[in-house]
There are 2 protein chains.
Amino acid sequence: MTRMHYTRDNMAGLLRSHEINPTHQRIEIAHALFSRQEHLSADQVMAIVNTRHSETSKATVYNTLKLFLEKGLVREVIVDPSKVFFDPNTSPHHHLYEVDSGKLSDIDAEHVQISGLPPLPAGMVTEGIDLIVRVRRKA
Amino acid sequence: MTRMHYTRDNMAGLLRSHEINPTHQRIEIAHALFSRQEHLSADQVMAIVNTRHSETSKATVYNTLKLFLEKGLVREVIVDPSKVFFDPNTSPHHHLYEVDSGKLSDIDAEHVQISGLPPLPAGMVTEGIDLIVRVRRKA
DNA sequence: CCGGATATTAGACAAAGTCCAGATTGCCGT
DNA sequence: ACGGCAATCTGGACTTTGTCTAATATCCGG
């Protein structure tokens, strides 16, 4: 896989390819997520985008993240009851969550196999399977 | 497995067997969870316990649920970013979450097999593996 | 350069959960 | 029964995450 540079210019193309109108704020938010390739919460995104001086409002950060989600640009990771994380990696993968530090990392789905799941209830389709391995520092 | 009656009297014994002092409020909360055998959120527990007239404060409900959690009487299920569910079933199992209705049901772990997980980071122990199948009503 | 659609904003609001200081309860030994 | 101590419970203020709204700003085609 070719490593790609997540410049702000490239972000515009990325957004367009997902049918998202590339505005200044959206580019900044996408850049925050993709240049780091990390799991960020909404308030972390806020903090990053507004480091120099306040540029983007809370409402826009939330609106934009929801938009990215709908357009399939990012994924939502629900592991912490107090906040949602957004994951710029949309390829199939699972998560490792360090309970005490709150650190969240990816587990490639390629070698993981899940079998024996019961059939779905009638009229239902799978939207996704989340596998979360919760770990703790050994006592 | 013998079916058991979750009477309030039996709750006292259950609590004691988990090193929890059985008070009136704790018995009511345990009864709410175990007699239904359902996943309840804190505010659902509140509503159930206070149906007739207000008996138990919000603080106590939260304190008690946290206590039950620490003592291993219930499990936490994190699927909805807006609220935590408490699960009286502590035997190993997974979850099926109907995204649009919010309905949450159990998947017996007995026949499900997960293989190929990478080794844990050094000095870490698994606290639990959560598998959540998210489903949606077919369009 | 006009007008409509799209995006952004500040700030009020809502809901889940935490915290604290004071009141209650239960229980012990006497 | 009684005083006292520890454990528990309580109302209410507070925090945090996230939503909503009405007003403003920006963009773009003609």
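A, B, ... follow the sequence lines: proteins, then strands. Residue 1 opens every chain.
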Where at least one partner belongs to residues 117-128 of chain A, residue pairs that pass salt bridge (charged side-chain N to carboxylate O under 4.0 Å, His left out), sequence neighbours excluded: A:E127-B:R136
What is the separation between atom NZ on B:K83 and atom P on C:dG17, rounded to the nearest whole Å? 8 Å
With sequence neighbours excluded, what pairs up with B:K103 under the side chain to side chain contact (heavy atoms under 4.5 Å, CB included) test? B:E98, B:S101
Test of understanding: with salt bridge (Lys or Arg N to Asp or Glu O under 4.0 Å), list the residues that count as partners of B:D130, not counting sequence neighbours. A:R134
Quick one: list whatever passes salt bridge (Lys or Arg N to Asp or Glu O under 4.0 Å) with B:E28, sequence neighbours left out. B:R8
In residues 43-50 of chain B, what donor-acceptor pairs under 3.5 Å come from side-chain atoms, sequence neighbours left out?
residue	atom	partner	partner atom	Å
B:D43	OD1	B:S41	OG	2.6
B:Q44	OE1	B:S41	N	2.7
B:Q44	OE1	B:S41	OG	3.2
B:N50	OD1	B:E55	N	2.8
B:N50	OD1	B:T56	N	2.9
B:N50	ND2	B:T56	O	2.9

Specify the residues of residues 39-49 of chain B, ordered by number, for which at least one heavy atom lies under 4.0 angstrom from an atom of DNA chain C. B:A42, B:D43
Partner set under salt bridge (Lys or Arg N to Asp or Glu O under 4.0 Å) for A:R36, not counting sequence neighbours: none
So the contacted stretch of DNA chain D, first to last nucleotide with an atom under 4.0 Å from a non-hydrogen atom of chain A, runs from D:dT17 to D:dC20
Quickly work out the B:R16 CZ to C:dG26 P distance and round it to whole Å. 14 Å
Extract from the structure each pairing of a protein N or O with an N or O of nucleotides 2-8 of chain C at less than 3.5 Å, listing the distance.
residue	atom	partner	partner atom	Å
C:dA7	OP1	A:R26	NH1	3.0
C:dA7	O5'	A:R26	NH2	3.4
C:dT8	OP1	A:T23	OG1	2.5
C:dT8	OP1	A:Q25	OE1	3.1
C:dT8	O3'	A:Q25	NE2	2.8

Who passes side chain to side chain contact (heavy atoms under 4.5 Å, CB included) against A:S82, sequence neighbours left out? A:D80
May I have all residue pairs that pass ring pair (Phe, Tyr, Trp, His ring centres under 6.0 Å) and include part of residues 48-87 of chain A, sequence neighbours excluded? none
Residues 90-115 of chain A vs ring pair (Phe, Tyr, Trp, His ring centres under 6.0 Å), sequence neighbours excluded, gives A:H39-A:H95, A:H93-A:H95
Looking only at heavy atoms, which two atoms of A:A109 and A:P92 are closest? And how far apart? CB-O, 3.1 Å
